[in-house]
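Just so we're on the same page: letters track the sequence lines, and every chain starts at 1. Just so we're clear, the structure is a prediction, and the values are computed from it rather than from any experiment.
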Number of protein chains: 2
Amino acid sequence: MRMAGARRHTLRDIAATLNLSVNTVSRALSGKDGIGEETRARVRAEAERVGYVPNSMARSLVLGSAMTFGLAITNPSNPFYAQLISTIETRARSHGYSLLLTVTEESEEHEMRAAESLLRSSVSGSIVVPVQSGTEAWRRLGSVGVPTVLINRDLPDLGYRFVGTDNELGGYRATSHAIERGARSIVVLEEDLPITTIDHRIAGFRRAMAEAGLPVPRGSIMRVPTRRHEQAALPWQPQQAYQVARRMLRRTRLPDAVVAGNDYFALGLYRALEEHGLKVPDDMMVIGFGDHPFSAFLSPPLTTVRLPAEEIGTIAVDLLLEEISGTPIARPLKQLIAPTLVERGSTQRS
Amino acid sequence: MRMAGARRHTLRDIAATLNLSVNTVSRALSGKDGIGEETRARVRAEAERVGYVPNSMARSLVLGSAMTFGLAITNPSNPFYAQLISTIETRARSHGYSLLLTVTEESEEHEMRAAESLLRSSVSGSIVVPVQSGTEAWRRLGSVGVPTVLINRDLPDLGYRFVGTDNELGGYRATSHAIERGARSIVVLEEDLPITTIDHRIAGFRRAMAEAGLPVPRGSIMRVPTRRHEQAALPWQPQQAYQVARRMLRRTRLPDAVVAGNDYFALGLYRALEEHGLKVPDDMMVIGFGDHPFSAFLSPPLTTVRLPAEEIGTIAVDLLLEEISGTPIARPLKQLIAPTLVERGSTQRS
DNA sequence: GTGAAAGCGCTAACAA
DNA sequence: TTGTTAGCGCTTTCAC
């Protein structure tokens, strides 16, 4: 590699060989008018010939914006975020924007650095999954005029635009579904992390139980110790959920259904149940969250709440685009997308 | 949002308020010597006070390099690539480099645009998973002196550095393992895509069979129709593999073992076998590829070939760093990392 | 329709 | 130790 640096051609090079001014070449290539058709053709031909590629740095410097969106994600190995990355990159690119990705690993320290990095890079806008409740990192971005939309987890204090899943509704639907299928006693298995998504799901669970007149005794909410900080490059691990589930199975009265915070937890639960000789769904129903690609193929197939990753990513990019173009935005400041329940075998009693 | 643009402070602002030259401020902040300790302190304090953030665009423009690595990935939703992204971003950042992510969606057209985008952005180096065998897109990058390392799939014609999995060895180990466990007749289930990784795995399979003196009759290699082009934002789907597996199960003589090209295919196979009333591993052994996070928790747990994502990502970044710093690189041009077989229940006959 | 000049914010010579 | 000058490659006035 390092091919003896065949230096990149610049506008000046083209101008020189064509005996034109840099300015003319610039305007010819950028499609502006006020230029002779013939000149334009000559410039284009020469640019093509030497393989001219504009220098974004220079362009950004003078324009003040880099035609780049920043994306701050906690963990790309979480399938939900992976799909978000994919959607956002594709949509951003289709509008001419590149994507600068920063991984925050659920650490507020990384988050600070990420925000600073995006600031340095003069991103035209940024899409952020905040780590937790800390607002400091992202406040700066907004205060220097970088349009910023939060996704998945809101930071209400900032007053930024937000697009996320209606987790309360998700929790409600999952729980109601279990109740409809005959569950009276339900346990929730959630990661032990102080973030709004989880709180909302639990709130939805409580609402469904209350509406059905069912009690929510102590121990109904079980927490799976988080390992995100140690294993930020990995998705959730079923292992911890498995262990928590085993603890649950030592109880004298077992629940009829378990609503898991994500499909990996459901997977850990499946094993614990199997080892315990319990059948899903006849002995216990299981509902997951996320509709991960494996879930439809588990045995039994997992009923789960599908999260609107694509929709969230698309809206986030569109919001940025609208804000940048100055279009008045009709959408609400906070936008919650309803997740859909995917009914499968794990709640289908025969 | 768009907080009435509190303009970012520049070196000049600081210089003005402190009655210094821009240059002095620059050197004070960048830690160069030849500057009075007191001056430096004053500059730092002022920078801190106004929340100075350097402008990367300007810096890159004069330096000629953006302290950014480009990463071209086919599909972030593939767990292997997701982990690669995570590893690469983290390691790059720890050395001060940002990550510009481009998603190529297994499309050569996207790939061309991605390459051009990285070129425009003056990335300091790039890490690329090539889509297929087309070399054109990435040749440019090298020819203008951007260090480029290919990962996962090589393009031998380019002569670039390459770090990937030793898929031949992976295929060999998976197959040998099945043979050791008593399999005589083995089928391989691979995606129908003309890429080297797949070819190599199949080659390893053949070698293992040959060494054991086992025949490889027609129909031993079954192809799962690819859907990557339609569903580039999704990981592999078990569905297609399931259908191919069902076709296989209509044969009069069934294989003793199936080696799947990835764990999702194995999952599709699990269902087909279950529906057919066949038990894993007693009726048929199954081996996957990738060691996806769900695989250890399937029933039975899936024996699979673990891919060295972290190692590949780390090495790729290190190669770039070494190349940029001009360090002579001791490593071979092409580096294959051995994958490890993770033995689990799906090949453990009782 | 085209060119000359200025400047985006920064760093790297070279002077003072 | 500090300031001056020049320039990275591009776009945007404003003359011609």
Side-chain angles (χ1 to χ4, degrees), chain A residues 5 7-44 46-47 50-68 96 116 119-124 144-145, chain B residues 5 7-44 46-47 50-68 96 116 119-124 144-145:
Chain A
R7 209 183 93 275
R8 264 168 66 180
H9 291 263
T10 69
L11 286 188
R12 193 164 44 171
D13 299 332
I14 299 180
T17 57
L18 256 44
N19 263 320
L20 290 170
S21 75
V22 172
N23 181 342
T24 306
V25 176
S26 166
R27 297 225 316 276
L29 289 175
S30 61
K32 293 237 168 46
D33 46 47
I35 210 131
E37 265 320 309
E38 198 215 305
T39 316
R40 168 161 294 159
R42 281 175 58 219
V43 170
R44 287 217 169 119
E46 175 64 9
V50 301
Y52 170 73
V53 176
N55 183 326
S56 297
M57 304 297 117
R59 189 159 204 284
S60 309
L61 182 58
V62 49
L63 260 36
S65 147
M67 286 302 279
T68 296
E116 169 145 346
L119 210 47
R120 286 170 121 92
S121 303
S122 311
V123 292
S124 321
V144 298
Chain B
R7 210 185 90 278
R8 266 168 66 179
H9 291 262
T10 70
L11 286 189
R12 193 162 46 168
D13 298 332
I14 300 180
T17 57
L18 257 44
N19 263 319
L20 290 169
S21 76
V22 171
N23 181 333
T24 305
V25 176
S26 167
R27 297 225 315 276
L29 289 175
S30 61
K32 293 238 168 45
D33 47 46
I35 210 130
E37 264 321 310
E38 197 215 307
T39 315
R40 168 161 295 159
R42 281 176 56 220
V43 171
R44 287 215 170 122
E46 175 64 8
V50 300
Y52 171 73
V53 175
N55 182 326
S56 297
M57 302 297 117
R59 189 160 203 281
S60 309
L61 182 58
V62 49
L63 259 35
S65 147
M67 286 302 280
T68 295
E116 168 146 346
L119 209 49
R120 285 170 122 90
S121 305
S122 311
V123 292
S124 321
V144 297

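With rounding to whole Å, A/I35 atom CD1 is found 13 Å from D/dT12 atom P. A straight line from CG of A/L63 to C1' of C/dG7 spans 13 Å, rounded to a whole angstrom. Straight-line distance from the CG atom of A/L11 to the P atom of D/dC8: 13 Å, rounded to whole Å. Atom NZ in B/K32 sits about 15 Å away from atom C1' in D/dT2, given to the nearest Å. A straight line from CG of A/L18 to P of C/dG3 spans 10 Å, rounded to a whole angstrom. Nucleotide D/dC8 holds its P atom 17 Å from the CE atom of A/M57, rounded to whole Å. With rounding to whole Å, A/L29 atom CG is found 13 Å from D/dT11 atom C1'.
Candidate nucleotides C/dG1, C/dC10, D/dG9 were compared by shortest atom distance to the side chain of B/N55, and C/dC10 ranks first. Listed nucleotides: D/dC8, C/dG9, D/dT11. Nearest to the side chain of B/R12: C/dG9.
Using a 4.0 Å heavy-atom criterion, one finds that A/G36 contacts the sugar-phosphate atoms exclusively. Nucleic acid contact class of A/D13 (heavy atoms, under 4.0 Å, all strands): none.
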What pairs of nitrogen or oxygen atoms, one from the protein and one from nucleotides 14-16 of chain D, lie under 3.5 Å apart?
none

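Judged purely by distance below 3.5 Å, without hydrogens or angles, the side chains of A/N55 and A/R59 never pair a donor atom with an acceptor atom.
The backbone N or O of B/R120 sits less than 3.5 Å from a side-chain atom of A/S56, completing a donor-acceptor pair.
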